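Some notes on the structure that comes next.
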Number of protein chains: 2
Amino acid sequence: MAAKKIKQNLDTNTEAKIKNAARTVFHKKGFAATRTRDIAEEAGINLALLNYYFRSKEKLFNIIMQETLSGFVKSIVVIFNDETTTLEKKIERIPSAYIDLLILEPQLPLFIMSELRRNPDHLLKMTNVKNVIVNSAFARQYQQSVKAGKIAPVNFLHFIMNLLGLTIFPFIASPMIHAVGDLKEAQFNKLMTERKKMIPQWTKAMLKAK
Amino acid sequence: MAAKKIKQNLDTNTEAKIKNAARTVFHKKGFAATRTRDIAEEAGINLALLNYYFRSKEKLFNIIMQETLSGFVKSIVVIFNDETTTLEKKIERIPSAYIDLLILEPQLPLFIMSELRRNPDHLLKMTNVKNVIVNSAFARQYQQSVKAGKIAPVNFLHFIMNLLGLTIFPFIASPMIHAVGDLKEAQFNKLMTERKKMIPQWTKAMLKAK
DNA sequence: GTCTATAACGTGATAGAC
DNA sequence: GTCTATCACGTTATAGAC
């Protein structure tokens, strides 16, 4: 009963065009505010084709959400579980990798958080964040450093919230930051690029705080 | 042409009931996903009354948005402009006050950021965040400390992003944090309460980082 | 002021020609 | 596979009785 789809080469084919358009519009406006007509227009195709290829708005959304979430998590997993790098090196790589990603796709965090509020189960079903993070090499190295007395004995959850908060929050609050700092996009991105070097320094300083 | 409204005493009156219901539902689901029927049901009133009192969903929303934004900003302005407290004291009070607020209204940041993305002008028109923050006593004290060489010479915008990121981000990412930490609401709130003391310590440590 | 009934409209989805 | 035309439905908003 499930429709077979022959993968073609270029993303010039209609199915890929629709998916790309859907990703763009969903990421920008969220599920509820997006009209299928917006997606069709963005894709430069006819509205009927959307349903021909994906059956419904909801099914299309689920595909996009799935891909977005797993992409977002995977981009971190590689670094978290690199057994060849130290804790300190990971503290440098995580903000740097995420900021590179978010400069390219600044709407990603707000999209994910908004849609997760609508349906928190998505996260658990689609990715296994808990295991991915809690059982990572990163977490293990952190706990070991705490035990060895090398860093302050702070709950790993706090540490993760701090590292990700410093990295991701500016992109979520970007309209506010643009307003406060009277910034254009280029200036904002420059600030974010600065943070790639600064967040690791700040984080290390925090780890020494009592 | 503008409708006059006689303010009654209790929030038992219909207009207040609708507004309170609207605030609850809009904060939880955002503008696009909210149906006027949801609001009417939450308020325990007839759907037609909503339009009788507020003309349209959009007008009602704008009132809620206006109140929410100015409340959110005002809650910070008092502390930011308290001329009787030091920079250090403000660094302690801001996270503390915000976390108290956000434990009561955890959906606030995500609501504000989501709706601001839809219409960034709201922020500029409704509140004057730029002046409120940039010309605050807090900002002035920060700059003075930098000049005096007491703290690292870091852009005030970075500092604000850090302080607010550490404070607000966990509430925005709360579905993710609940999943990663396997937390119930009470445990989450306990973590947040811990942060009231820790964020100032961390922030001060960051200020010494080179 | 509050209700019921209904109009007016927007949006998701499909039928059917090509 | 792709299009035009249209249906079916949900939602906002209003008319009109009480």
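These numbers were taken from a predicted model, which means no experiment stands behind them. First the proteins, then the strands, lettered A, B, ... as listed; each starts at 1.
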Find the distance [X]:[atom1] to [N]:[atom2] and express it as a whole number of Å.
X     : N      : atom1 : atom2 : answer
A:N51 : C:dA15 : CG    : P     : 11 Å
A:L60 : C:dT11 : CG    : C1'   : 15 Å
B:I18 : D:dA13 : CD1   : P     : 13 Å
A:N13 : D:dT2  : CG    : P     : 9 Å
B:L49 : C:dT4  : CG    : P     : 10 Å
B:R55 : D:dA15 : CZ    : C1'   : 13 Å
B:I45 : C:dT4  : CD1   : C1'   : 14 Å
A:F54 : C:dA13 : CZ    : P     : 13 Å

Using the ring of B:F31 (Phe, Tyr or Trp, six-membered ring only), decide whether B:K57 places NZ or CZ under 6.0 Å from its centre and within 45 degrees of its axis.
yes

Between B:F159 and A:R195, is there a cation-pi geometry (under 6.0 Å to ring centre, at most 45° from the normal)?
no

Taking the six-membered ring for Trp, is the centroid-to-centroid distance between [X] and [Y] below 6.0 Å?
X      : Y      : answer
A:F171 : A:Y98  : no
B:F138 : B:F80  : yes
A:F26  : A:F111 : no

Would you say [N] has OP1 or OP2 under 4.0 Å from some side-chain N or O of [X]?
X     : N      : result
B:Y52 : D:dA13 : no
B:R35 : D:dT11 : yes
A:T14 : D:dT2  : yes
B:N46 : C:dT4  : yes
A:S56 : C:dG12 : no

Counting any heavy atom closer than 4.0 Å, what does A:R37 reach on the DNA or RNA strands: base, sugar-phosphate only, or nothing?
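Since a base atom lies under 4.0 Å of A:R37, the category is base.
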
